[in-house]
Amino acid sequence: MPRVLVTGGRAPATLELVRSLHAGGCEVISAESVPFTLASLSRAVERDHRVPRPRQEPEAFVWHLLDLVRRDAIDVVLGTCEEIFHIVRGRDVLDPHVEVFAPGAEAMARLHHKGRFPEWAASLGLPVPETHVLTDPDALRDRIRSDGSGLVAKPAFSRFATHVRVGVTDPGFVDTVEVSEAVPWVVQERLDGMRLCSWSVVRDGRVQAHAVYPMSWSAKTGAALRWVSVDEPRIDAWVADFARRTGLTGQLAFDWFVDPERGPLPIECNPRLTSGVHLFGARNGALAEAFFGERDTPLRPGEARPSAVFFALVLYGGPERRELGLQRALADMRVRDVLWQANDPVPFVLNWLAYVVFVAWALRLGISPMAASTWDIEWNGE
């Protein structure tokens, strides 16, 4: 198994991943632009390094990674959060020395763009919702007026669903946002049906690991707070087909609506790690083989219990608790806390350290702590 340089250690999903890679025999080194992360507190990480902020200092970030690759004899660089977009932009520097486990920069941009991804999938003959990319405010107003039934509008690059407008019928909202070549917006038909998410590891167009889970206990950020595996063969087939037709290597995560008549339709793609990794658990290390081996069949989730960050359920799960009722909500809150592991307790005990810097940034910059958590790594196009 390789020596792996993992970035994005601030996320609970990354903590789960480094534990799994360590259990599978990988030597894991982490690199982050903040001083304390969940991954850096874990015994699964051999060494932790500080690097420049990817968004503010992209060139220095990439050259620092190259220095770590040489110093620690790294075999693979594995980005997990949005810093991966800054990594792939520096592939001309990194590729001669190390494998970057991600698609190329152009493919990453197409996948991340909420309008270009559906266009790409449609060009491959795969079903997607009707989607339009608009860079002119008047064109966006006209599209809203012509629909009448209520569209979904969102910036082409955004996260946490913070700017998504659902059921837009009033074109006046366009006056409150920027719409331009630099800030394109996407309008999509409004879909009904069950919300699902999927996360897959692919190598050379073959799916190596794959999980599907419902959007349950959804926070205001649009992210699921509780994760449990479900079977949806139509999503399995769609993802396998997309991977085969594109020949990609990397991580592919999709958000879905299961339309009662048309079946599952992907509304957007995140080409990076997501909470789907929690469905595999961290103890058996099988994900290491999925990332760096060659499987005949995709690895499927082995964690039968629902998983969650328990304090997030308590903190953000109020609307869900009210909807479910106390008895059902308490039953749903019996979960495996993904931060806790008996032989690796420090991330659970000291997880608050990983969030101090984001609270400080939020206060200094006048933004929310959630926005501060990606302030130094987010990527919004070239």
Side-chain angles (χ1 to χ4, degrees), residues 9-24 37-39 41-44 80 160-161 193-200 209-232 235-236 253 255-256 258 273-287 290 299-355 369-370 373:
R10 64 191 69 188
T14 309
L15 172 64
E16 188 92 85
L17 179 61
V18 299
R19 285 170 167 171
S20 186
L21 295 179
H22 175 73
T37 69
L38 293 172
L41 296 169
S42 172
R43 64 186 293 271
T80 62
F160 305 133
M194 181 184 297
R195 286 285 308 276
L196 295 175
C197 303
S198 68
W199 174 74
S200 308
H210 176 71
V212 180
Y213 55 103
M215 277 287 295
S216 62
W217 285 75
S218 177
K220 290 181 180 179
T221 62
L225 299 174
R226 180 180 182 272
W227 313 290
V228 62
S229 175
V230 298
D231 291 325
E232 180 43 87
I235 289 180
D236 304 347
D255 293 339
W256 304 82
V258 183
L273 187 67
T274 64
S275 299
V277 70
H278 296 305
L279 302 175
F280 295 88
R283 289 188 176 276
N284 62 15
L287 271 177
L299 178 69
R300 301 307 297 263
E303 182 58 60
R305 292 175 298 167
S307 299
V309 178
F310 185 76
F311 81 84
L313 283 185
V314 174
L315 196 61
Y316 300 113
E320 197 80 12
R321 287 194 295 272
R322 288 191 292 272
E323 182 177 334
L324 292 174
L326 181 61
Q327 185 174 359
R328 170 66 188 280
L330 289 175
D332 271 13
M333 292 175 73
R334 289 198 287 268
V335 296
R336 175 183 73 96
D337 192 315
V338 300
L339 301 186
W340 171 254
Q341 191 166 294
N343 65 347
D344 187 26
V346 177
F348 177 83
V349 175
L350 297 181
N351 72 84
W352 57 272
L353 281 175
Y355 301 103
M370 184 64 70
S373 71

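The model shown is predicted, which means the values in this text are computed figures rather than measured ones.
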S42 and L15 have their tightest heavy-atom pair at CB-CD1, 3.7 Å
Inter-residue atom distance L279.CG - L287.CG, 0.5 Å rounding: 10.0 Å
W199: partners by ring-ring contact (aromatic ring centres under 6.0 Å, His included), with sequence neighbours left out: F280
Can you see which heavy atom on W256 is nearest to which on S198, and at what distance? NE1-OG, 3.0 Å
Across all chains, not counting sequence neighbours, the side-chain contact (heavy atoms from CB on, under 4.5 Å) partners of V230 are L196, V212, P214
A312: which residues meet the side-chain contact (heavy atoms from CB on, under 4.5 Å) condition with it, sequence neighbours left out? L225, V309, Y316
Straight-line distance of R10 CZ to L38 CG, nearest 0.5 Å: 10.5 Å
Could you list the residues that satisfy side chain to side chain donor-acceptor pair (under 3.5 Å) with S275, not counting sequence neighbours? none
Listed partners of F348 passing side-chain contact (heavy atoms from CB on, under 4.5 Å), at least two apart: D337, L339, W340
Measure the OG1-CH2 distance between T274 and W227 for me, rounded to the nearest 0.5 Å. 10.0 Å
Between R226 (side chain) and L313 (backbone), is there a donor-acceptor pair under 3.5 Å? no
If you look at every heavy atom in P347 and L41, which pair is closest and at what distance? CD-O, 3.7 Å
Y355 side chain near P369 side chain, heavy-atom distance below 4.5 Å: no
Using the test ring-ring contact (aromatic ring centres under 6.0 Å, His included), find all partners of F310 that sit at least two apart in sequence or belong to another chain. none
Sequence neighbours excluded, which residues qualify as salt bridge (charged side-chain N to carboxylate O under 4.0 Å, His left out) partners of D236? R300
Check the pair D255 / C197 against side chain to side chain contact (heavy atoms under 4.5 Å, CB included), numbers first and verdict last. CA-CA 5 Å; D255 293 339; C197 303; 3.6 Å; yes
Taking side chain to side chain donor-acceptor pair (under 3.5 Å) as the test, write out the residues that go with S20, two or more places apart. none
Partners passing salt bridge (charged side-chain N to carboxylate O under 4.0 Å, His left out) against R43 (at least two apart in sequence or in another chain): none
With sequence neighbours left out, the residues meeting side chain to side chain donor-acceptor pair (under 3.5 Å) with N343 are Q341
Taking salt bridge (charged side-chain N to carboxylate O under 4.0 Å, His left out) as the cut-off, I'd like each qualifying pair that reaches into residues 14-24, sequence neighbours left out, listed once. E16-R336, R19-D344
With sequence neighbours excluded, what pairs up with R305 under the side chain to side chain donor-acceptor pair (under 3.5 Å) test? E303
Scanning both residues in full, the closest heavy-atom pair of H210 with P301 reads O-CD, 3.4 Å
